[in-house]
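The structure displayed is predicted, hence computed values, not measured ones.
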Amino acid sequence: MIENLNAKNKDFFELVFQIVKLIPHGRVTSYGAIANYLGSKSGARMVGWAMNVSHQYAGIPAHRVVNRNGFLSGKMHFPTSDSMQQALESEGIHIENDQIQHFSEIFWDPSKELKLP
DNA sequence: CTAATGACAAACT
DNA sequence: CAGTTTGCCATTA
């Protein structure tokens, strides 16, 4: 079903997807962190938009991507509201009131962890 | 082509 | 310090 996507957009998606796929088990990241790793050019909203289309791609752990507040802002876009939280808890991440606990501790910043030499 | 929207974030009041 | 406003960039109407 990938026909409306132009080459230029696909490149942006793959770049975001690669980062999301590289998120370690039990870790999470934010849209801004990914945008920052891309050079803060696209903007955090574009990362969220990439996640929106990620549903048509397999192997994209979009549940590991949340906003900077640690809230599961995108849970509503999952098949079920509990799908995202359940997936995160399955990795040992504690969630309460749709918010990730100890977000600062499990936060995975590609700009630092995945930092290029 | 202009206007509005969005799984966000930073700046301003 | 908390609430409000603007900026980002692409898609949709």
Give the rounded distance in Å between these two atoms: [atom1] of [X] and [atom2] of [N].
X: A/Asn52; N: B/dA7; atom1: CG; atom2: C1'; value: 7 Å
X: A/Phe13; N: C/dC9; atom1: CZ; atom2: P; value: 15 Å
X: A/Ile34; N: C/dC9; atom1: CD1; atom2: C1'; value: 16 Å
X: A/Leu88; N: B/dA7; atom1: CG; atom2: P; value: 18 Å
X: A/Met46; N: B/dC8; atom1: CE; atom2: C1'; value: 9 Å
X: A/Leu72; N: B/dC8; atom1: CG; atom2: P; value: 12 Å
X: A/Phe71; N: B/dG6; atom1: CZ; atom2: C1'; value: 19 Å
X: A/Tyr57; N: B/dA7; atom1: OH; atom2: C1'; value: 17 Å

Residue that, paired with A/His63, satisfies side-chain contact (heavy atoms from CB on, under 4.5 Å) out of A/Leu88, A/Val20, A/Val28, A/Ile23: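 Among the candidates, only A/Leu88 passes.
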Sole candidate of A/Ile34, A/Val65, A/Val47, A/Thr29 that passes side-chain contact (heavy atoms from CB on, under 4.5 Å) when paired with A/Ile19: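 Testing A/Ile19 for a side-chain contact (heavy atoms from CB on, under 4.5 Å) against A/Ile34, A/Val65, A/Val47, A/Thr29 leaves exactly one candidate, A/Ile34.
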Any N/O donor-acceptor pair, A/His63 side-chain to B/dA7 base, under 3.5 Å: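 Flag unset: no donor-acceptor pair detected.
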Reported CD1-to-NE2 distance for the pair A/Ile93 and A/His25, which is rounded to 0.5 angstrom: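 Nearest 0.5 Å value for the CD1-NE2 distance: 8.0 Å.
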Donor-acceptor contact below 3.5 Å, side chain A/Asp82 vs main chain A/Gln86: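 Looks like no, no N/O pair under 3.5 Å.
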Donor-acceptor contact present, side-chain A/Asp109 to main-chain A/Ser111, <3.5 Å: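 Yes; at least one donor-acceptor contact below 3.5 Å.
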Short heteroatom pairs, N/O only, protein and nucleotides 9-12 of chain B, under 3.5 Å:
| residue | atom | partner | partner atom | Å |
| --- | --- | --- | --- | --- |
| B/dA9 | OP1 | A/Gly32 | N | 3.2 |
| B/dA9 | OP1 | A/Arg68 | N | 3.0 |
| B/dA9 | OP2 | A/Arg68 | N | 2.6 |

P gap between B/dA3 and C/dG7, integer Å: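 After rounding to an integer number of Å, I get 15 Å for this pair.
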C1' spacing across the pair C/dG3 / B/dA7, given as an integer number of angstrom: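 That atom pair is separated by 22 Å.
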Neighbour count >12 (heavy atoms, 6.0 Å) for atom NE2, A/His94: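 No, NE2 of A/His94 has 12 or fewer neighbouring heavy atoms, counting only those of other groups under 6.0 Å.
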Sugar-phosphate only, base, or nothing, as touched by A/Ala50 at under 4.0 Å among non-hydrogen atoms: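 The answer is nothing, as A/Ala50 stays clear of every strand by at least 4.0 Å.
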Lys/Arg-Asp/Glu bridge criterion (N-O < 4.0 Å) met for A/Arg64, A/Glu91: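 Salt bridge: yes.
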